[in-house]
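For the numbers below, each heavy atom of this structure counts, side chains included, while hydrogens, waters and symmetry mates do not. Whatever order the structure lists ligands and atoms in, that order sets their numbers, starting from 1.
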Amino acid sequence: MAAVAAMILAAGQGTRMKSALPKVLHPLLGQPMLFYPLRLLADLGIEQPVVVVGNGREAVEAAVGAAWPGAVFAWQRQQRGTADAAAAAMEKLAAFSGPVIILCGDVPLLRTATVAALLDRHRERQAAVTVLTAVLAEAGAYGRVVVDGAGELERIVEARDATAAELAINRINSGTYCVDAAFLRRVLAAIDCQNAQGEYYLTDMVAKAREAGLPVAWLDAGDPDEIQGINDRRQLARAEQVLAGRIREQWQLAGVSISFPDQVLIEPQVRIGQDTTIEMGVVLRGRTEIGRGCHLGVGAVLSDVRLADGVRIMPYSVLEGAEVEEGCQVGPFARLRPGTVLRREVKVGNFVEVKKAELGAGSKASHLSYLGDARIGRGVNIGAGTITCNYDGFNKYQTVIEDGVFVGSDTQFVAPVTIGRDALVGAGSTITKDVPANAVATTRSRQVVYRDRGMAYRTAKKEKE
Ligand code: UD1
Ligand code: CA
């Protein structure tokens, strides 16, 4: 198979987004819009696409460069139209011969298979240009595709230059093409800007190929959703819904149960094991990996989290950068922050916050605690209201609680401090010094009881007033 080159046109302004952020960097499911065509090309094995940048150039280059090190940038200094943008890209493909795929940076729903089919059609027909078209009920502002009596593509006319009869055509130009590099170089030099917008139209290459007697081909996208361009934030939100729906369906077909799926959001890089169930309002972000047979309760939000098999996340828990082993139970209303590691069968209950802390197998913190910068062994019971005081206003310190320790409720550990194996800490203690293994530590003052003094105390109070 001959090599294939590609360019993504992304220099346009995106005025209708009404934003300080360049249009192609607006995120869909946590990823800039422009990453979708980049991923499509990577799926086709094209690792060094040319990205045409202009508006917001520095921000676009920084974002793309960080995630797609192979990308090559072509700077279109002034946005004089799509043909001018393609000409900027061709400067970076000066030595290339073969087919060039042209995509737009603001068309994130396009599928890899569709572009692969376009390339196949281009090769079969040995065409100079092959255009991805679509049939729409409402052709709107898209360029119209004029086909002659023999079913051959004759030309593309922009909506603003079209006659009433041409506007009635409902086959449109998607803005995605496959073009022979040598032909593209020649034709770009010949395109002028004699049109309603005074722009250099890439679409003129079709009529020019016909004039030169070169074969032109076209292919209808099966699913018109795919070619949807994004110009404003309504279209952005709609496209995000379509993408989210595709991802949910993929996981449903892979054996994941999702109830009320419209209310569940799963980002593209998330992985989920079979027989996991997901309830409404769950959000899974970043590089989250979920094992088999897990249960994610209503409203759970997970970012960059690893769950092993059989983990239960109860409703309204928020987990970020945490690792959770087999059989753990978390929440409801728990918060696991980055650096949390829960070993097998750990239980973290409601209103418990954990940060940079490991809890050993079978340990429990069931209610109302903060465990930060801590190493907690196996089989430890953390009573309700336990706090690790890890910060003195200047530095953070570690709390170490060894295997088998029992911590009574409402205990503070003023770090750095170590509690030895099997020790017991009495409820309501403020622990400032290490506790040896197997010891009992308590810091409470002794309780004083005055018998039969309750009513007398009340009478004395009333008389004072
Ligand atoms: C273009 C097509 C139209 C098609 C539509 C599909 C032309 C003349 N028209 O119109 O037939 O139906 O796409 O969405 O090509 N860009 C640059 N530099 C420029 C101008 C544009 O990089 O100087 C980029 C834009 O960032 C965008 C893409 O090219 O990603 C398309 O440009 P846009 O202005 O949106 O073209 P349309 O008017 O929508
Ligand atoms: Ca436009």
Sub-4.0 Å heavy-atom approach of [X] to ligand 1:
| X | result |
| --- | --- |
| T203 | yes |
| A85 | yes |
| D84 | no |

Charged N-O contact under 4.0 Å between [X] and [Y]:
| X | Y | answer |
| --- | --- | --- |
| E226 | R111 | yes |
| D232 | K18 | no |
| D204 | R155 | no |

Classify the side-chain pair R375/Q398 by whether it contains a donor and acceptor separated by less than 3.5 Å.
no
Do Y391 and D373 have side-chain atoms, one donor and one acceptor, less than 3.5 Å apart?
no
Side chains of residues 72-83: which donor-acceptor pairs under 3.5 Å do they make with residues two or more places apart or in other chains?
{"unit_1": "Q76", "atom_1": "NE2", "unit_2": "Q78", "atom_2": "O", "d": "3.4"}
{"unit_1": "Q76", "atom_1": "NE2", "unit_2": "G81", "atom_2": "O", "d": "3.4"}
{"unit_1": "Q76", "atom_1": "NE2", "unit_2": "D84", "atom_2": "OD2", "d": "2.8"}
{"unit_1": "Q79", "atom_1": "OE1", "unit_2": "N55", "atom_2": "ND2", "d": "3.3"}
{"unit_1": "Q79", "atom_1": "NE2", "unit_2": "Q76", "atom_2": "O", "d": "2.7"}
{"unit_1": "R80", "atom_1": "NH2", "unit_2": "D84", "atom_2": "OD1", "d": "3.1"}
{"unit_1": "T82", "atom_1": "OG1", "unit_2": "L202", "atom_2": "N", "d": "3.0"}

Heteroatom proximity flag, [X] to ligand 1, N/O under 3.5 Å:
| X | answer |
| --- | --- |
| E158 | yes |
| G81 | yes |
| G143 | yes |
| C104 | no |
| A11 | yes |
| N173 | yes |
| Q76 | yes |

With heavy atoms under 4.0 Å as the rule, classify the contact between A141 and ligand 1 as side chain, backbone, both or neither.
neither
Sequence-distant partners of D392, salt bridge (charged side-chain N to carboxylate O under 4.0 Å, His left out), two or more places apart
none
